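Structure record follows, encoded as structure tokens.
Along the sequence shown, residues are numbered consecutively beginning with 1. Just follow the structure's listing: the first ligand is 1, and inside any ligand the first atom is 1. Computed from a predicted model, the values in this text were never measured in an experiment.
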Amino acid sequence: MQIVYRHLRFAICDSPFAICKMPEAKKKGKVVIVSGPSGVGKSTICREVAKRLNIYLSVSVTTRPRGPGETHGRDYWFISEREFAERIKAGQLLEYAEVFGHLYGTPKDKVEQQLSAGKTVILEIDVQGAKQVKAIYPDAITIFILPTTQKELARRILAKRLTDRGRDQAVFAEKRLEEAGAEIAAAWQYYENMVINEDLQQAVNEVVQIIQGALFTEGSRNEDP
Ligand code: ADP
Ligand code: 5GP
């Protein structure tokens with residue numbers, strides 16, 4: 001006899017009064033892709049969401065130089081172009097792309113380990129990377145973060161430049177702003193969910209709800225009738 005609750009499965013054990021949890025095949029975790037123009041608030045939102053839901057936030061490898069406020073292994077794994085090429089050759093990257101003149105990629109082993117353990121994984125990657133991941137994991141949840149206005153995006157890119165990443169030159173910030181229009185246009189085609197990051201806590205709540213909603217729907221679909 002089996003009683004099915006929303007997420008937990010129980011069975012009546014030998015003892016007529018005891019209820020114990022049934023062993024079940026471990027379900028694979030789900031991939032969540034978060035993209036958006038540079039400076040829109042992706043890192044801030046993803047860190048908060050990963051903490052709130054206790055899910056794994058992937059740390060990418062990149063060939064771009066480390067900024068003053070950044071930590072190797074926390075913000076990125078900063079590696080040389082040669083090392084990046086070796087990782088591509090060895091098939092160690094789930095996806096990779098050139099963004100703003102530097103290479104960025106997602107380490108495959110860590111993501112696969114987490115998914116096999118049934119954990120949800122957040123990938124904060126660009127649109128090119130998102131397309132590659134969708135081809136591998138078609139049921140990945142896609143979320144695009146939008147700015148309120150171009151002016152506000154410019155302000156945030158600049159704020160980041162001045163306080164967080166002194167490496168950026170004004171020209172570099174301008175390049176990022178130019179790219180934003182094209183990215184947003186492409187997003188309508190590829191992303192199922194759009195979140196406007198005006199109020200940070202509201203944006204975090206919306207991303208949390210999208211992920212929880214998708215996981216709940218998935219869980220219900222897998223349950224026995
Ligand atoms: P991204 O990862 O998309 O490049 P960040 O998360 O680094 O962006 O955020 C860029 C800047 O914008 C940071 O200074 C961050 O504190 C700020 N920021 C993020 N979200 C908001 C928000 N809702 N309102 C105001 N500032 C924000
Ligand atoms: P930044 O240099 O501002 O940290 O990141 C620049 C861009 O690279 C952002 O759009 C970010 O989403 C993207 N990016 C970061 N990591 C990866 C990755 O592993 N793969 C891909 N394809 N893009 C990434």
Point to revise | Proximal candidate to atom 13 (C) of ligand 2 [heavy atom criterion; set Val133, Leu94, Asp126] | key: Asp126

Exercise for review: Give the single entry among Asn197, Leu200, Val34, Thr44 that approaches atom 5 (P) of ligand 1 most closely by any heavy atom.
Suggested key: Thr44

Revision key, fill the gap. Contact region, Val99 to ligand 2, non-hydrogen atoms below 4.0 Å, reads side chain

Practice item. Please check if the distance between the ring centroids of Phe144 and Tyr190 is under 6.0 Å. Key: no

Practice item. Using a 4.0 Å heavy-atom cut-off, say whether Glu95 meets ligand 2 through its side chain, its backbone, both or neither. Key: side chain

Point to revise | Per-atom contacts, ligand 1 versus Glu198 - under 4.0 Å to a heavy atom | key: 22 (C), 23 (N), 24 (N)

Point to revise | Candidate list Thr120, Ile211, Leu215, Val207, test side chain to side chain contact (heavy atoms under 4.5 Å, CB included), partner Leu53, passing option | key: Ile211

Check your understanding: Against heavy atoms of Pro37, which atoms of ligand 1 measure under 4.0 Å?
Key -> 3 (O)

Point to revise | Structural part of Ala203 in contact with ligand 1, heavy atom criterion under 4.0 angstrom | key: neither

Practice item. Could you establish whether Gly39 and ligand 1 come within less than 4.0 Å of each other, counting only heavy atoms on the residue side? Key: yes

Review point. Does His102 reach ligand 2, in the sense of a heavy atom lying below 4.0 Å from it?
Key: no

Review point. If hydrogens are left out, which of Arg47, Arg156, Gln202 has an atom nearest to atom 26 (N) of ligand 1, that is, the closest non-hydrogen atom?
Key: Arg156

Revision key, fill the gap. Lys42 heavy atoms within 4.0 Å reach ligand 2 at atoms 12 (O)

Exercise for review: Heavy-atom contacts with Lys42 under 4.0 Å: which atoms of ligand 1 show up? List them by number with element.
Suggested key: 1 (P), 2 (O), 3 (O), 4 (O), 6 (O), 8 (O)

